[in-house]
Amino acid sequence: MHRWSELFIPTLREAPADAEVASHKFLVRAGYIRQLAAGIYSYLLLGNRSFNKIMAIVREEMDKIGQEFYLPALHPLSLWEASGRWPHVVGENLFRLKDRKGADMALGMTEEEVMTSIALKDLRSYKQLPQIWYQIAPKFRDEPRPRSGLLRVRQFMMKDSYSFDIDAAGLDVSYKKHYSAYCRIFDRCGLKYMVVEADSGAMGGKESHEFMVRTPAGEDQVVSCDGCDYAANMEKATSKLEPWGDLAPEGDGKPLLVHTPGQKTIEDVAKFLGVSPKNKIKTLALMADEVDEGKKKSRQIVVLMRGDHQLNEAKLNATVGAATRPMEEGEIKALFNSPPGYLGPMGIEWAKELHRLLFPHKDADKPVLLVDKALEGRANLIAGANKEDYHLKNLTPGKDFIPTAYADLRSVTAGEACPNCGKPLRIDTAVEIGHIFKLGYRYSESMGLRVLDKTSMEMMPIMGCYGIGMERILTAAVEQGNDENGFWLPPAIAPFEIVVSPVNMKDDAVRKAAEDIAKRLEAAGFDVILDDRDERPGVKFKDADLVGIPFRITVGKKVTEGTVEVAIRSTHEVRDATITRVVEYFQELLGRAG
RNA sequence: CGGGGAGUGGCUCAGCCUGGUAGAGCACCUGGUUCGGGACCAGGGGGUCGGAGGUUCAAAUCCUCUCUCCCCGACCA
């Protein structure tokens with residue numbers, strides 16, 4: 001029997017001054033966690049109990065589709081060089097250290113390399129496929145800015161799994177198995193989540209979904225439709241645009257120089273010329289810098305958007321395969337020979353094909369012109385003339401200038417039409433609790449994973465990787481259920497399901513009834529804590545409300561009538577229950593067989 | 001890494017401007033009275049004022065450097 005008086009549950013009356021989000025404040029106040037350093041937390045009794053329950057659920061569901069391993073977190077750095085992720089892909093986020101001999105080591109951020117190295121040594125034949133291997137283990141990331149309590153940390157517990165299949169169809173199966181296992185896991189954890197299409201990143205990925213929980217504390221923007229099941233990460237989301245009429249050509253229809261003195265912004269020019277920003281081209285001048293073998297190389301990238309649209313940097317980075325930054329004034333002058341405010345696509349020789357930036361090809365030195373798909377097929381648009389105080393009319397993409405490529409580069413805004421059903425889209429902030437990802441051949445290829453196929457030929461297995469952040473589940477659950485007094489967790493992941501609170505420990509009838517109730521509930525399989533502290537009732541109620549336990553049984557004066565009160569934390573509902581039938585009462589309430 | 005903020009007992013904070021040798025509330029310990037929503041009375045313990053250097057007769061307070069933590073941004077397969 002768990003007796004509160006004997007346990008270490010250091011609740012705080014006030015939230016730590018440096019906590020901002022609800023989950024951070026309450027997890028500290030409730031004595032779940034204590035901070036050791038930025039982004040590094042200790043779990044105390046309650047936090048650990050909750051954590052273990054979450055891991056047990058994940059393990060149970062994962063065991064239905066895969067096999068649990070336990071891999072080291074301490075890796076030779078050479079492993080990360082072999083896969084090509086160190087130094088460029090993971091960069092400073094990889095924790096590094098040296099052993100006593102001076103050998104370079106790293107703390108694992110994920111385990112693709114380790115898993116693949118096992119596969120590499122011991123997978124020989126297509127007959128051994130498919131495989132799904134997983135583990136639940138700490139991961140380390142030297143985040144530039146840990147934040148929001150457990151939301152973004154430097155050490156965290158991750159369930160990561162990896163699938164190896166013969167072909168894309170096999171990968172589909174492994175992927176779908178994970179998709180449904182994840183749904184079962186998050187359902188059982190009592191989370192209200194959504195599954196969204198995700199950006200697969202600059203690595204040129206394939207299909208990817210994220211499991212998201214809406215909360216203002218989150219770091220991701222999620223676009224979704226209430227009318228259908230469309231949902232996507234902002235980095236990936238699209239929308240259907242209202243058709244917008246093109247202007248009629250003026251003059252002979254050729255690009256026409258117009259005087260626009262002092263008119264620099266889209267709005268100014270549109271107003272000055274009496275047109276909508278939707279008939280204007282927004283010209284964005286960017287640079288992509290890449291470092292390869294110590295050589296720094298920059299590439300000019302110009303993006304054209306519809307005047308009223310916003311560039312989505314994640315989409316741009318995925319398209320270009322590199323990070324970009326705005327051009328500096330000198331760089332703008334060098335390319336456009338014009339001051340900012342009057343930039344446009346005319347008079348510049350653009351690259352004809354979009355290759356990887358540092359990939360040597362004949363256009364490698366030419367600037368790249370990316371045109372957002374919203375401008376594809378439009379005509380007689382207005383853009384800067386690359387000449388101070390002048391703009392050009394009658395510009396038609398594909399005719400007057402040839403883009404290097406058209407791409408979806410636009411950020412969706414709330415209220416735009418769903419690409420599937422046309423209903424208005426909504427945008428929410430959300431926290432990512434899980435991510436499934438079709439890796440393809442990236443690691444099989446870079447690490448040389450091969451098995452023999454039916455015809456005795458070598459073939460490369462295709463991989464997938466799948467992650468769940470354990471503390472994100474806890475955090476999301478707290479964000480999802482809290483009020484000014486504390487929080488409540490879904491029973492499946494709460495440290496205790498029921499707290500029994502005798503109102504006065506010195507009253508023998510009350511104390512004995514409470515002990516008896518707690519014992520019987522425990523014998524029936526409920527996870528119970530008895531608040532046997534010699535505290536005033538107010539203290540016990542405040543603590544009970546704070547620490548995330550979903551149900552409370554108040555044992556007070558009514559014991560003489562044979563009843564106690566059952567308080568439902570989430571709804572504040574209080575009901576009387578007959579002492580002799582308390583076990584049955586909870587069996588019914590929690591839908592558990594007697 | 002850029003911008004902002006903060007480090008004083010376990011927690012929340014005051015004191016700093018205008019230097020004079022550290023305080024409050026909560027928590028904790030002892031005794032007593034209380035006992036259905038963070039009780040009250042009395043007594044008590046606990047602080048290198050983040051660290052280093054400097055100015056001064058004297059530094060929590062002024063100056064310099066530095067470390068740490070938080071927030072916004074950048075970043076986040």
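Throughout, a chain's letter reflects where its sequence line sits, starting with A, and its residues are numbered from 1.
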Name the nucleic acid region contacted by [X], choosing base, sugar-phosphate or nothing; use a 4.0 angstrom heavy-atom cut-off, strictly under.
| X | answer |
| --- | --- |
| A:P502 | nothing |
| A:D545 | base |
| A:E92 | nothing |
| A:D543 | base |
| A:K540 | nothing |
| A:S148 | sugar-phosphate |

Just one of A:R299, A:E328, A:E331 clears the side-chain contact (heavy atoms from CB on, under 4.5 Å) bar with A:M287, so which one?
-> A:E331
Taking a pair as Watson-Crick or G-U wobble with both distances under 3.5 Å, which nucleotide is matched to [N]?
| N | result |
| --- | --- |
| B:U56 | none |
| B:C49 | none |
| B:G23 | B:C13 |
| B:C28 | B:G44 |
| B:G2 | B:C72 |

Rounding to the closest angstrom, what is the interatomic distance between [N] and [M] at atom [atom1]?
| N | M | atom1 | answer |
| --- | --- | --- | --- |
| B:C40 | B:G3 | P | 48 Å |
| B:A74 | B:A52 | C1' | 32 Å |
| B:G20 | B:C62 | C1' | 14 Å |
| B:U48 | B:G43 | P | 26 Å |
| B:G53 | B:C11 | C1' | 32 Å |
| B:G25 | B:C71 | P | 31 Å |
| B:U21 | B:G47 | C1' | 14 Å |
| B:C63 | B:U68 | P | 23 Å |

In whole angstrom, what separates [X]'s [atom1] from [N]'s [atom2]?
| X | N | atom1 | atom2 | result |
| --- | --- | --- | --- | --- |
| A:W86 | B:A77 | CH2 | P | 16 Å |
| A:E535 | B:A39 | CD | C1' | 11 Å |
| A:Q35 | B:U68 | CD | P | 13 Å |
| A:H572 | B:G37 | NE2 | C1' | 12 Å |
| A:Q155 | B:C76 | CD | C1' | 18 Å |
| A:R29 | B:C26 | CZ | P | 16 Å |
| A:R154 | B:C69 | CZ | P | 7 Å |
| A:E219 | B:A74 | CD | C1' | 13 Å |

Ignoring the backbone of [X], work out which of [options] is nearest its side chain.
| X | options | result |
| --- | --- | --- |
| A:R536 | B:G38, B:C75, B:U34 | B:U34 |
| A:K542 | B:G38, B:C75, B:U34 | B:G38 |
| A:R552 | B:G37, B:G36, B:C71 | B:G37 |
| A:R152 | B:C75, B:G36, B:C76 | B:C76 |
| A:V539 | B:G37, B:C35, B:G38 | B:G38 |
| A:V89 | B:U34, B:G38, B:A77 | B:A77 |
| A:F437 | B:C76, B:C71, B:A77 | B:A77 |
| A:R141 | B:C69, B:G37, B:A77 | B:A77 |
| A:R85 | B:A77, B:G36, B:A39 | B:A77 |

Could you tell me whether the phosphate oxygens of [N], OP1 or OP2, come under 4.0 Å of any side-chain nitrogen or oxygen in [X]?
| X | N | answer |
| --- | --- | --- |
| A:R147 | B:C71 | no |
| A:R13 | B:C26 | no |
| A:R145 | B:C71 | yes |

Which residue lies toward the 5' end of RNA chain B, A:N504 or A:E111, if each is placed at its nearest nucleotide?
-> A:N504
Toward the 5' end of RNA chain B, which comes first, A:Y41 or A:E313, by nearest nucleotide?
->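 Result of the comparison: A:Y41.
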Under the side-chain hydrogen bond (donor to acceptor under 3.5 Å, both in side chains) criterion, do A:Y43 and A:S50 qualify, and how do the steps go?
-> CA-CA 10 Å; A:Y43 281 74; A:S50 180; over 6 Å; no
Measure up the A:F140 and A:F95 rings against each other and bin them: parallel (under 30°), tilted (30 to 60°), perpendicular (over 60°).
-> perpendicular
For the residue pair A:Y175 and A:H209, does the interplanar ring angle fall in the parallel (under 30°), tilted (30 to 60°) or perpendicular (over 60°) class?
->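 Ring orientation of A:Y175 relative to A:H209: tilted.
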With ring centroids as reference points, do A:Y179 and A:F211 lie under 6.0 angstrom apart?
-> yes
Do A:Y585 and A:F551 make the cut of ring centroids closer than 6.0 angstrom?
-> no
Less than 4.5 Å apart, any side-chain heavy atom of A:C465 and any of A:M115?
->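 No, their side chains stay 4.5 Å or more apart.
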A:R533 side chain near A:D543 side chain, heavy-atom distance below 4.5 Å = yes
Indicate whether any N or O donor in one side chain lies under 3.5 Å from an N or O acceptor in the other, for A:K159 and A:Y182.
-> yes
Quick one: do the A:D165 and A:S174 side chains pair a donor with an acceptor below 3.5 Å?
-> yes
What is the per-nucleotide protein-contact pattern of nucleotides 4-14 of chain B, from the 5' end, where B denotes a base atom under 4.0 Å from a protein heavy atom, S denotes such proximity for sugar-phosphate atoms only, and - denotes neither?
-> --------SS-
Cation-pi check, A:R49 to A:F496: give yes when NZ or CZ is under 6.0 Å from the six-membered ring centre and within 45° of the ring axis, no otherwise.
-> yes
